[in-house]
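Presented below is the structure to which this report refers.
What you see is a predicted model, and the numbers here were worked out from it, not measured in a lab. The analysis underlying the following values was restricted to heavy atoms, covering all of them including side chains, and did not include hydrogens, waters or symmetry mates. Numbers here simply count residues along the sequence, with the first being 1.
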Amino acid sequence: MTLHGFPEAAPLAGLAGGVLIGLAAAVMLLGLGRIAGVSGLAAKAVGLGGSGIARSGAWMFVIGLPLGALIVMLASGGLEASFASPLTLAIAGLVVGIGTRLGSGCTSGHGVCGVSRLSGRSIVATLTFMAIGIATVAIMNALGLEVL
């Protein structure tokens, strides 16, 4: 299935991915009483966070993210990927890390888990993420810069 004007869109794959993310968040919340915020779990895994989940559980979650992607890639016959330069990735990672600390969470924690619980702080944070993302793409397009 394709969308007119978006030949590379995969709405069914996106739907399936969204359902799996929601299911994982529900299992974490209902099974462990823990929000599935990736930045908090990553911080816990490396010893920077004080959340309730065991450090080993945090490591399992963090390792499971790329491992799950690898399994899907191998099962689907591979994918072509392109990345920004290592310097750009390092700067972006640093900026995102600072932002998650300032915003008390990341897009997964606020956008998936917080909004589903109708958290006011998470709704404001998610609207902010979306607005800044839209503005960034608009500015890059206006400047003729390519968006990966």
Side-chain angles (χ1 to χ4, degrees), residues 3 6 8-141 145-148:
L3 298 174
F6 299 96
E8 295 181 22
L12 296 179
L15 176 64
V19 168
L20 290 173
I21 290 170
L23 183 61
V27 167
M28 284 282 292
L29 184 60
L30 298 173
L32 300 174
R34 174 75 176 92
I35 300 296
V38 176
S39 63
L41 289 165
K44 178 66 175 190
V46 296
L48 297 176
S51 63
I53 192 170
R55 196 167 176 190
S56 60
W59 271 114
M60 285 190 286
F61 189 92
V62 169
I63 290 170
L65 291 173
L67 186 61
L70 177 65
I71 291 168
V72 169
M73 184 193 72
L74 294 174
S76 66
L79 352 150
E80 280 187 43
S82 62
F83 298 97
S85 71
L87 178 63
T88 301
L89 290 175
I91 292 169
L94 181 64
V95 170
V96 168
I98 292 168
T100 59
R101 283 296 185 193
L102 290 173
S104 299
C106 59
T107 53
S108 60
H110 284 300
V112 175
C113 301
V115 170
S116 66
R117 294 181 304 114
L118 301 177
S119 164
R121 180 174 72 167
S122 290
I123 291 169
V124 169
T126 303
L127 290 173
T128 303
F129 300 151
M130 296 302 292
I132 296 299
I134 291 167
T136 300
V137 170
I139 291 168
M140 290 182 72
N141 285 338
L145 299 172
E146 183 178 342
V147 177
L148 294 177

Can you give the donor-acceptor pairs under 3.5 Å from side chains of residues 16-29 to other protein atoms, not counting sequence neighbours?
none

Pairs flagged by side chain to side chain donor-acceptor pair (under 3.5 Å) wherever residues 13-23 is involved - sequence neighbours left out |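 Listed by first then second residue: nothing to list.
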Which pairs, with at least one residue in residues 17-33 and sequence neighbours excluded, count as a side chain to side chain donor-acceptor pair (under 3.5 Å)?
->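 Every candidate side chain to side chain donor-acceptor pair (under 3.5 Å) pair involving residues 17-33 fails, so no pair, neighbours aside, qualifies.
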Stepwise side-chain contact (heavy atoms from CB on, under 4.5 Å) check, L41 with W59 = CA-CA 8 Å; L41 289 165; W59 271 114; over 6 Å; no
Side chains of residues 93-107: which donor-acceptor partners sit under 3.5 Å, not counting sequence neighbours?
unit_1 : atom_1 : unit_2 : atom_2 : d
T100   : OG1    : V96    : O      : 3.4
T100   : OG1    : G97    : O      : 2.8

Hey, could you give me the NE2/SG distance between H110 and C113, rounded to the nearest 0.5 Å?
->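 Separation between the atoms: 10.5 Å.
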I91 CD1 to L87 CG distance, which is reported to the nearest 0.5 Å |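 Answer rounded to 0.5 Å: 4.0 Å.
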Could I get the full list of side-chain hydrogen bond (donor to acceptor under 3.5 Å, both in side chains) partners for T88, not counting sequence neighbours?
->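 With sequence neighbours excluded, T88 shows a side-chain hydrogen bond (donor to acceptor under 3.5 Å, both in side chains) to S85, given in chain and number order.
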L127: partners by side chain to side chain contact (heavy atoms under 4.5 Å, CB included), with sequence neighbours left out =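 With sequence neighbours excluded, L127 shows a side chain to side chain contact (heavy atoms under 4.5 Å, CB included) to I123, given in chain and number order.
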What's the shortest heavy-atom distance between [X] and [Y], and which atoms?
X    : Y    : answer
L145 : N141 : O-OD1, 4.2 Å
P66  : V62  : CD-O, 3.0 Å
K44  : A54  : CE-C, 4.2 Å
R55  : A45  : NE-O, 2.8 Å

Would you indicate whether M130, at its atom CE, is surrounded by more than 12 heavy atoms from other residues, nucleotides or ligands within a distance under 6.0 Å?
->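 Check fails, neighbour count at 12 or below.
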